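Throughout, numbering of the chain's residues begins at 1 and tracks the sequence. Basis for what follows: all heavy atoms, side chains included, without hydrogens, waters or symmetry-related copies. Keep in mind the model is a prediction, meaning the values are calculated, not measured.
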Amino acid sequence: MVAALGLALAFSAAGCSIFKPSSSQEGSGKGLQGWIETEKNDAERDAKTVAGEASKEAKSTKKKADKVMEKVNEKLHQIADAENAGPLTGDWAIENVLGKKAVGETAPFIKFVPAENRIYGNNGCNIINGIYRSSYADKTISFSNLATTMMLCAESNITDVEIGEALGLTVRYTVENGNNSESILKFFDAGGKEVMELMHRDFHFLDGTWSVIEIDGEKVNIEEMKVALDVDEKRMHGNTGCNIINGELETDMDAANSISFSKIGMTRMACPNSGWETRMTMALEEAVTARKVSNDEIEFLGSNGKQVMLLKKTSPIED
């Protein structure tokens with residue numbers, strides 16, 4: 001009986017191992033040692049697979065990180081460009097060049113466009129453009145690829161040639177405030193000699209659509225009376241409260257905020273407020289200066305320095 005029980009237990013142990021052999025183990029007949037070796041091989045194989053997947057994931061992660069860094073670097077470059085540009089933006093009237101007062105058939109000026117690293121403008125006779133490089137940190141600046149149109153100038157003794165020469169000599173600049181808090185830009189050559197002086201002229205505060213709220217100091221209560229201005233396009237468009245009005249907006253580099261409206265035309269509908277309509281067109285024709293009163297108000301002044309129109313920023317005009 002005892003022998004039979006021992007035989008049964010022996011068969012039970014042989015048929016029910018605590019280790020689960022693989023097919024390779026079963027074929028090898030190496031028992032526990034074979035199972036250990038097989039499991040070790042499987043673990044090494046799994047480790048290689050995991051390492052391979054991790055490598056793929058790392059490459060994918062690196063690509064994503066590179067894309068993010070590319071965007072970050074692009075933004076940093078944009079910030080650096082803006083910092084380097086410093087105050088060199090917008091329109092600047094050329095006041096003096098190589099020790100002479102700048103003279104032209106039209107007022108000479110330069111417009112800086114930092115996003116393009118280009119300048120545009122007029123030398124008093126011909127249109128000029130070119131590339132510039134500047135550093136706000138050390139106030140260095142240089143101009144290259146300067147080109148002009150080739151129109152003949154009617155007037156003599158203008159300083160168009162001197163302007164081109166001065167731009168070619170410029171290596172450094174300074175910006176300071178003038179008597180009327182206007183920014184003054186000066187260019188210097190390699191020897192430290194001033195070669196050009198410019199005055200900032202910024203008319204873009206005029207851009208937008210404005211309700212006319214006063215004419216000659218008297219309040220206007222006509223909701224539809226509006227003026228839309230576009231400095232770059234040199235356009236004026238509006239409504240007299242009854243008729244549509246259009247015209248040209250001119251800015252003058254010779255004086256700060258100097259403007260004029262010309263070629264004013266309008267539709268000819270009969271209007272109940274014709275008196276206000278006439279006063280509006282007259283005020284536009286009399287305006288010689290525009291001034292910013294606040295962030296949402298501007299005024300036009302006549303040649304005597306008195307206000308001829310007060311305007312408040314509003315919604316766009318519907319045609």
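- Aromatic pair Tyr132/Phe112: ring centres closer than 6.0 Å.
- Looking at heavy atoms from C-beta onward, Leu229 lies in side-chain contact with Trp210 at the 4.5 angstrom threshold.
- With salt bridges taken as basic N to acidic carboxylate O contacts below 4.0 Å, one links Glu162 and Lys100.
- Counting non-hydrogen atoms of other residues, nucleotides and ligands closer than 6.0 Å to CD of Glu223 gives a total of 12 or fewer.
- Of all non-hydrogen atoms in Val308 and Gly302, the two that sit nearest each other are CG1-N, 3.9 Å.
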Take Glu218 and Arg279 through the side chain to side chain contact (heavy atoms under 4.5 Å, CB included) test and state the conclusion after the steps. CA-CA 11 Å; Glu218 188 174 349; Arg279 292 179 68 179; 3.1 Å; yes
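- Both Val220 and Ile245 are assigned to one and the same hydrophobic cluster, defined by single-linkage of ILVMFWY side chains at heavy-atom distances under 4.5 Å.
- Under the 4.5 Å side-chain criterion, counting only non-hydrogen atoms from C-beta, Met151 is not in contact with Ile127.
- In this structure, Cys125 SG and Met150 CE are separated by 10.0 Å, a value rounded to the nearest 0.5 Å.
- Following chains of ILVMFWY side-chain contacts shorter than 4.5 Å, one can reach Met236 starting from Phe205, so the two form part of one hydrophobic cluster.
- Remark: the backbone N or O of Ile184 is not paired with any side-chain donor or acceptor of Asn177 at under 3.5 angstrom.
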For side chain to side chain donor-acceptor pair (under 3.5 Å), just list the numbers for Thr240 and Asn243, CA-CA rounded to whole Å, side-chain angles, deciding distance to a tenth of an Å, and then say yes or no. CA-CA 5 Å; Thr240 66; Asn243 282 292; 4.6 Å; no
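- Summarising the geometry of Thr278 relative to Thr281, their closest heavy-atom pair is O-OG1, 2.9 Å, with the distance given to 0.1 Å.
- Listed here is the closest heavy atom pair of Cys153 and Glu105: C-OE2, 3.1 Å.
- Few gaps surround CZ on Arg118; more than 12 heavy atoms of other groups in view lie less than 6.0 Å from it.
- Phe300 and Phe261 have their aromatic ring centers within a separation under 6.0 angstrom.
- Residue Asn304 places its CG atom among more than 12 non-hydrogen atoms of other residues, nucleotides or ligands, all under 6.0 Å distant.
- Under a hydrophobic clustering in which Ile, Leu, Val, Met, Phe, Trp and Tyr are joined whenever their side-chain heavy atoms come within less than 4.5 Å, directly or via other members, Val227 and Val288 fall into different clusters.
- Counting all heavy atoms, side chain and backbone alike, Glu277 lies closest to Cys271 at OE2-SG, 3.8 Å.
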Apply side chain to side chain contact (heavy atoms under 4.5 Å, CB included) to residues Ser183 and Trp92 and explain how you reach the verdict. CA-CA 9 Å; Ser183 295; Trp92 297 80; 3.7 Å; yes
Audit row: Thr148, Asn126, side chain to side chain donor-acceptor pair (under 3.5 Å) steps and yes/no: CA-CA 6 Å; Thr148 71; Asn126 282 283; 5.3 Å; no
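- Tyr120 has its side chain out of reach of Ile128: every pair of non-hydrogen atoms, C-beta onward, lies at least 4.5 Å apart.
- Ile264 CD1: more than 12 foreign heavy atoms inside a 6.0 Å radius.
- Nearest heavy atoms, Ile163 versus Pro108: CD1-CB, 3.7 Å.
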Worked check of salt bridge (charged side-chain N to carboxylate O under 4.0 Å, His left out) between Lys292 and Glu299: CA-CA 7 Å; Lys292 185 176 181 179; Glu299 63 180 357; over 6 Å; no
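- Atom CD of Glu250 sits about 5.5 Å away from atom OG of Ser260, to the nearest 0.5 Å.
- A single hydrophobic cluster is seen to contain both Ile110 and Val175, as judged by linkage of ILVMFWY side chains at heavy-atom distances under 4.5 Å, directly or through other members.
- The closest side-chain heavy-atom distance from Met309 to Val212 is below 4.5 Å.
- In this structure the side chain of Ile141 reaches within 4.5 angstrom of the side chain of Thr170, judged on heavy atoms.
- Atom CZ in Arg172 sits 14.5 Å away from atom NZ in Lys193 (nearest 0.5 Å).
- Considering CD of Glu214 and CG of Asp216, their distance stands at 10.0 Å, rounded to 0.5 Å.
- In this structure, Glu197 CD and Glu176 CD are separated by 7.5 Å, a value rounded to the nearest 0.5 Å.
- None of Met225, Lys219, Lys312 except one satisfies the side-chain contact (heavy atoms from CB on, under 4.5 Å) rule with Ile213; the exception is Lys312.
- Few gaps surround CG on Asp138; more than 12 heavy atoms of other groups in view lie less than 6.0 Å from it.
- We find the CE-CD1 distance between Met282 and Ile215 to be 10.5 Å, quoted to the nearest 0.5 Å.
- Ile158 and Leu146 are members of different hydrophobic clusters when ILVMFWY side chains are connected at heavy-atom separations under 4.5 Å.
- Nearest heavy atom pair, residue Leu88 against residue Pro114, reads O-CG, 3.6 Å.
- For the pair Lys139 and Tyr136, the cation-pi criterion (under 6.0 Å, within 45° of the ring axis) is fulfilled.
- Considering only residues two or more places apart in sequence or on other chains, Asn122 meets the side-chain hydrogen bond (donor to acceptor under 3.5 Å, both in side chains) condition with Thr106.
- Phe188 places none of its side-chain heavy atoms less than 4.5 Å from the side chain of Val171.
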Report the C-alpha distance between Ile259 and Asp252 in whole Å, list the side-chain angles of each, state the deciding distance to 0.1 Å, and finish with yes or no for side chain to side chain contact (heavy atoms under 4.5 Å, CB included). CA-CA 6 Å; Ile259 64 164; Asp252 189 349; over 6 Å; no
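- Heavy atoms of other residues, nucleotides or ligands lying less than 6.0 angstrom from NZ of Lys234 number 12 at most.
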Stepwise, does the side chain to side chain donor-acceptor pair (under 3.5 Å) test hold for His204 with Asp232? CA-CA 8 Å; His204 285 91; Asp232 288 336; 2.9 Å; yes
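- Under the 4.5 Å side-chain criterion, counting only non-hydrogen atoms from C-beta, Thr209 is not in contact with Lys313.
- With a 4.5 Å cut-off on side-chain heavy atoms, Leu301 and Asn257 do not count as touching.
- Checked options Leu169, Asn96, Leu167; the residue passing with Met196 is Leu167 (criterion: side-chain contact (heavy atoms from CB on, under 4.5 Å)).
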Determine, stepwise, if the pair Arg201 / Asp91 fulfils salt bridge (charged side-chain N to carboxylate O under 4.0 Å, His left out). CA-CA 5 Å; Arg201 301 284 189 248; Asp91 300 330; over 6 Å; no
Please report the C-alpha distance between Ile222 and Trp276 in whole Å, then the side-chain angles of each, then the deciding distance to 0.1 Å, and finally whether the side chain to side chain contact (heavy atoms under 4.5 Å, CB included) criterion is met. CA-CA 9 Å; Ile222 304 174; Trp276 278 113; 3.7 Å; yes
